[in-house]
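Please read the structure below before turning to the comments.
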Amino acid sequence: MSRLSMVQGTGLDDLLSGAPGALDADNEMRGQIRQQLSPRLYALIGVVVAGCLGCEQFVENLRGPLDGFAAVQIAKDWRNAALAEAERAALAYAEKGTLEEGSVRRADVEALRTAGFDDKDILVIATAIAYHNYSIRMAAVFAVTPR
Amino acid sequence: MAVEEVAKVISNWREADLDEQEKAMLAFTEKFTLTPSQISDKDIEELRRAGFDEHQILAIALGAGYRNWVDRIADLLGVEEEKFDFPEEILKAFGVTREQLQNSLYEDVK
């Protein structure tokens with residue numbers, strides 16, 4: 001149950017319905033990211049951001065096509081999970097972009113290019129990291145489930 | 001808001017000349033940003049006690065969420081949201097020099 005009594009429901013979409021335009025903006029941004037990112041990478045970023053923020057309770061909501069057990073392990077310690085090198089590069093960027101975003105430098109972006117991502121991919125990955133940081137915070141703060 | 005006041009809010013909002021409602025909002029914003037998993041009913045109650053209704057509380061969170069989102073993209077991609085010649089007081093509050101600010105954010109601070 002949400003911490004706001006005006007919210008009818010238990011999801012982030014129910015919460016956002018309480019502010020004019022917020023749900024439409026969220027749908028638009030989320031839709032754009034999901035069109036351009038594989039479901040697996042979108043889920044991996046969400047799970048790792050949740051782990052970084054101490055919000056492991058949301059892993060089940062965020063895991064998408066990932067195996068449930070594996071997703072929990074990835075949230076706890078993605079470095080020791082069986083992942084492709086490109087996924088590792090994206091998750092290192094997601095972790096740094098969540099915990100110490102002010103320290104991100106050109107070398108961090110170069111690591112993504114070396115892993116095979118082009119500029120458009122990097123823009124979408126950065127947007128996905130920021131989106132998950134926003135939506136997981138909103139869900140945690142108001143005790144609703146992220147989308 | 002005068003430049004000196006903005007600098008004080010940036011460097012230590014708790015000691016800045018703000019009213020109690022503004023301080024309640026900033027305490028929530030800080031926790032939203034740094035330790036969202038630790039927010040409890042008590043934090044929401046503090047906002048209510050400060051005079052905010054539920055729609056305003058949601059709006060405060062959306063504002064904090066938006067800043068978290070936009071600033072993070074800027075940090076991740078090494079872009080500045082806008083070119084602005086920050087006054088000396090603001091630079092001091094952020095702990096950066098004007099020379100560092102002129103460099104791309106991708107250029108590691110020397």
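In the text below, chain A, chain B and the rest are named by the order of the sequence lines, each starting its count at 1.
B:Trp13 and B:Glu30 are linked by a side-chain donor-acceptor pair at a separation below 3.5 angstrom, with hydrogens and angles left out of the test. Side-chain contact annotation: A:Asp77 with A:Asn80, donor-acceptor N/O pair under 3.5 Å present.
Under the 3.5 Å distance criterion, the side-chain polar atoms of A:Glu101 are left unmatched by any main-chain donor or acceptor of B:Arg72.
Of the two parts of B:Asp41, the backbone and the side chain both hold a non-hydrogen atom closer than 4.5 Å to a non-hydrogen atom of chain A. For A:Ser5, the parts lying near chain B are the backbone and the side chain together; criterion is any non-hydrogen pair under 4.5 Å. Contact annotation for B:Ala61: both backbone and side-chain heavy atoms come within less than 4.5 Å of a heavy atom of chain A. Of the atoms belonging to A:Leu16, it is side-chain heavy atoms, and not backbone ones, that fall under 4.5 Å from chain B. Within the 4.5 angstrom heavy-atom criterion, atoms from both the backbone and the side chain of A:Ala126 approach chain B.
Interface residues of residues 50-76 of chain A toward chain B, defined by a heavy-atom distance below 4.5 Å and sorted by number: A:Leu53, A:Gly54, A:Cys55.
Between the CD atom in B:Glu46 and the CZ atom in B:Arg49 there is a gap of 4.5 Å [rounded to 0.5 Å].
By the 4.0 Å N-to-carboxylate-O rule, B:Lys31 lies close enough to B:Asp43 to be salt-bridged with it. A:Arg30 has no carboxylate O lying under 4.0 Å from a charged side-chain N of A:Asp26, or vice versa, which leaves the two without a salt bridge. B:Arg48 has a carboxylate O that lies under 4.0 Å from a charged side-chain N of B:Glu45, or vice versa, which qualifies the two as a salt bridge.
A chain of hydrophobic side-chain contacts below 4.5 Å, direct or via other Ile, Leu, Val, Met, Phe, Trp or Tyr residues, connects B:Tyr66 to A:Val144.
Of the listed residues (B:Gly65, B:Ser37, B:Ala64), the one with the most heavy-atom contacts under 4.5 Å to chain A is B:Ser37.
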Starting from the C-alpha separation in whole Å, work towards a yes-or-no answer on side-chain contact (heavy atoms from CB on, under 4.5 Å) for B:Phe52 and B:Leu58. CA-CA 10 Å; B:Phe52 294 111; B:Leu58 178 55; over 6 Å; no
